[in-house]
Participant: 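First the structure, which I've put down as structure tokens, then a few questions once you've had a look.
Every chain is numbered from 1 and lettered A, B, ... according to where its sequence line falls, protein lines coming before strand lines.
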Amino acid sequence: MGKKKKRATEKVWCYYCDREFDDEKILVQHQKAKHFKCHVCHKKLSTASGMVIHVLQVHKENVTKVPNAKTGRDSTDIEIYGMQGIPPDVLAAHYGEEEEEPPAKAAKVEIPSTPLGGVVPRPYGMVYPPQQMPGVVRPMYYPGATMRPPGPVWPMPPPRPQQWYPQNPAASVPPAAHLGYRPQPLFPVQNMGMTLPTSAPVVQPSPMPGVTPPGIPSSSPAMPVPQPLFPVVNNSIPSQASPFSTPLPVGGAQQPSHADALGSVNAYPPNNSIPGGTNSHSYASGPNTSGPSIGPPPVIANKAPSNQPNEVYLVWDDEAMSMEERRMSLPKYKVHDETSQMNSINAAIDRRISESRLAGRMAF
Amino acid sequence: MTMVPAIGRELSNPPSDGISNLRFSNSSDHLLVSSWDKSVRLYDANADLLRGEFKHGGAVLDCCFHDDSSGFSVCADYKVRRIDFNAGKEDVLGTHDKPVRCVEYSYAAGQVITGSWDKTIKCWDPRGASGMERTQIGTYQQPERVNSLSLVGNRLVVATAGRHVNIYDLRNMSQPEQRRESSLKYQTRCVRCYPNGSGYALSSVEGRVSMEFFDLSEAAQAKKYAFKCHRKSEDGRDIVYPVNAIAFHPIYGTFASGGCDGFVNIWDGNNKKRLYQYSKYPTSIAALSFSRDGGLLAIASSYTFEEGDKPHEPDTIFVRSVNEIEVKPKPKVSRLVCGIVATVVAQRRL
């Protein structure tokens, strides 16, 4: 478990103004609206430094303080995003205080967060696990539902692990931020050869050389062979598993049996594992892709070196059949042939029965 | 109805299984809904009233209006049916050799066009008496199973498996006017023509939509582009959702897209911008339809089995009022003006 003391409540809080929130998403929205907003044109940036640069370049003005921040916390040099980047001493001080006076703090906390909670429409069905302190090692597996490991998972491009740290402050915040949500399971699990999510994982932790949670992302891949978490498509694993340390073959062996348990990408039998191969072109784009300003707004607008392509996971990866065709193959949707055959068989049987009755051969 | 939630009003008596498609009528706010529960339902969207329900022999994969009193439905039992809403009767217009996936009615040609997994599209005369000999006008072979169809004016766009796209002129069906391959590298999910008839939007299972034009000239083809959408970036990887539905606003020409991520986005195709994103719906968006005046948007929040047979949120139909700001195009000019104003103001201040 975690070496650091676990707080009673798992609230996230804003470095700049000390307000508390129920989850990091709301916290981020708060920061964007209150601390990273340009006072001239009201554009919301994603970090303080981003906002400073924007104001300088666009409005030709120098910003020295983070708006709406408490004195002593208004430096524009510190890179904060959500709960990431908070200097450890401040972090400790905050929780130290919280322990001293939980009831008072709790009472105060409610008020600011509610209006925000009320105002900010919660994404409809979004489920984010309760935010934990980065210091805590999270359970290795993730309660099934959202894990989608097998199938088309992409090898992590080599440079990635090294880049985590240097990137951390500025760019990889988004992944890091999200890692706040469920970092560990993803990384270690991947190292494991992906199957884990559900059961075995808990056993696995041992091979994971000191996977330290925070900033983890860097360390986990920094395992024996920094690389490529090879795609965990059942068949391909064994061959590629060899260079890796022991965990993988185990993972590899477990693959087939787990495939069904995980309900992989599609719950339908065969076919699907292979199509993982087709996805090798997942980065391929059509002739004219990505028009200028379209696409869901990127998580971090200022994510500078986003040269490593993210892994791409396709929710529907079967090129051969459409979703409707797959659905139609389910027994409950079967139509036609069987029913009409059954009907004709039934009709034939009925005929026989009535004939026999007439012939007096049957009792009734 | 007092408080209408942000995501829209839920229609009562929704189908008991997945919704394959829904359409608003061209002459009223009646909504026709086809479902995997083998039924076709007719609703009065404003009054939240189920006006009719028709049961078929298999999952109904598509439906469309003929006029306010009748419509067509196509089914997994290979049949194309014509339904008289007022009389509450239906009959079979014709059949295919495999489940029929799409149906459209062309006002220009006065014909019903259906596409099936038997790799053909067929044209039917809806006024004919029941029985294929009287009603079938033509059958046209396609390279692969038909996944989606769309009509505008005299043009028909057929999207099949294998990423083929055939464009027909309804006045001459002997052969396609154009044979294309989808610009997207992944399976086509849906194709819809622009209301102005200049092209079509095509979406794939890989969270992408491409904007295409019929005109083959260089100038027109230079305008085509594709964009990524319905994706979620999480933990350093991108989760990419199929884009199941596209619906064009009849007046503004902007369009809504719905994906398996449960989101509906409104896009301005000409200015390459996203105009709006509605709050997330309980489950995948299976179908979208704007009412004839663009004032309402019907959204089928219905799990589309992208992850197999698993427990899912109930299949629901939401009808929401559309706000002008959500769908009105925003030309780039206005931004330029803002920039100029801001600079002038700033200079004045100095």
Side-chain angles (χ1 to χ4, degrees), chain A residues 40-41 59-60 121 123-126 148 153-154 160 172 174-175 178-179 181-183 186-187 217 263 265-268 281-282 284-296 298-299 310-328 330 333 335-336 339, chain B residues 6-7 18 20 36 57-59 61 76-78 99 101 117 145 147 161 183-187 189 205-206 208 210 224-242 260 262 265 267 272-274 277 279-283 304-310 313 342 346:
Chain A
V40 181
C41 67
H59 310 295
K60 312 279 188 272
Y124 203 97
M126 196 107 56
R148 312 233 117 256
V153 176
W154 292 89
R160 214 179 187 189
S172 72
H178 285 281
L179 285 169
Y181 295 165
R182 40 174 199 205
L186 214 36
F187 280 90
V265 176
N266 295 325
Y268 308 104
H281 309 299
S282 67
S285 32
N288 310 306
T289 36
S290 305
S293 48
I294 288 214
V299 176
N310 276 352
E311 290 176 35
V312 170
Y313 171 77
L314 281 159
V315 169
W316 182 260
D317 58 5
D318 187 353
E319 276 297 300
M321 294 184 94
S322 64
M323 283 146 51
E324 288 73 28
E325 285 169 295
R326 265 296 154 101
R327 188 173 183 171
M328 192 65 73
L330 289 176
Y333 294 120
V335 125
H336 233 254
T339 35
Chain B
I7 54 172
S20 50
W36 287 80
L61 298 180
D77 66 359
Y78 310 0
R101 176 71 182 89
W117 291 338
R145 299 152 278 156
N147 278 340
S183 310
L184 304 178
K185 298 281 186 257
Y186 286 81
Q187 189 186 88
R189 200 69 195 111
V205 299
E206 191 237 356
R208 236 181 263 259
S210 86
K224 78 175 190 180
Y225 67 96
F227 60 93
K228 296 194 235 185
C229 51
H230 298 282
R231 292 173 175 219
K232 186 160 70 170
S233 186
E234 206 170 75
D235 302 319
R237 65 175 193 166
D238 287 338
I239 303 178
V240 173
Y241 296 90
C260 288
N265 293 310
W267 309 93
K272 302 192 183 180
K273 284 197 192 317
R274 186 172 71 175
Q277 178 180 71
S279 331
K280 189 168 182 295
Y281 284 85
T283 180
T304 43
F305 279 58
E306 62 272 17
E307 284 167 11
D309 195 354
K310 64 173 205 187
E313 296 289 331

Participant: Would you mind checking which part of B/Ser210 comes under 4.5 Å of any heavy atom in chain A, side chain (CB onward), backbone (N, CA, C, O), both or neither?
Facilitator: neither
Participant: Check the pair B/Arg189, A/Glu324 against salt bridge (charged side-chain N to carboxylate O under 4.0 Å, His left out), reporting the backbone distance first and the verdict last.
Facilitator: CA-CA 10 Å; B/Arg189 200 69 195 111; A/Glu324 288 73 28; 2.7 Å; yes
Participant: What heavy-atom pair brings A/Met323 and B/Cys260 nearest, and what distance separates the two atoms?
Facilitator: CE-SG, 3.8 Å
Participant: Below 4.5 Å, heavy atoms only, C-beta onward: do A/Trp316 and B/Thr304 meet side chain to side chain?
Facilitator: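 No, their side chains stay 4.5 Å or more apart.
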Participant: At their closest point, which heavy atom of A/Val335 faces which heavy atom of B/Gly58, and how far apart are they?
Facilitator: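 That would be CG2-CA, 3.4 Å.
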Participant: Quick one: CH2 on B/Trp36 to CZ on A/Arg327, what's the gap to the nearest 0.5 Å?
Facilitator: 5.0 Å
Participant: Can you tell me how far apart OH (A/Tyr333) and CG (B/Asp309) are? Round to the nearest 0.5 Å.
Facilitator: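 Output value for this atom pair is 7.0 Å.
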Participant: Could you pull out the closest heavy-atom pair between A/Ser322 and B/Gln187, with the gap in Å?
Facilitator: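 In terms of heavy atoms, the two residues are closest at CA-OE1, 3.6 Å.
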Participant: Nearest 0.5 Å, what's the CD-CD distance between A/Glu319 and B/Glu206?
Facilitator: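 Result: 9.0 Å between the selected atoms.
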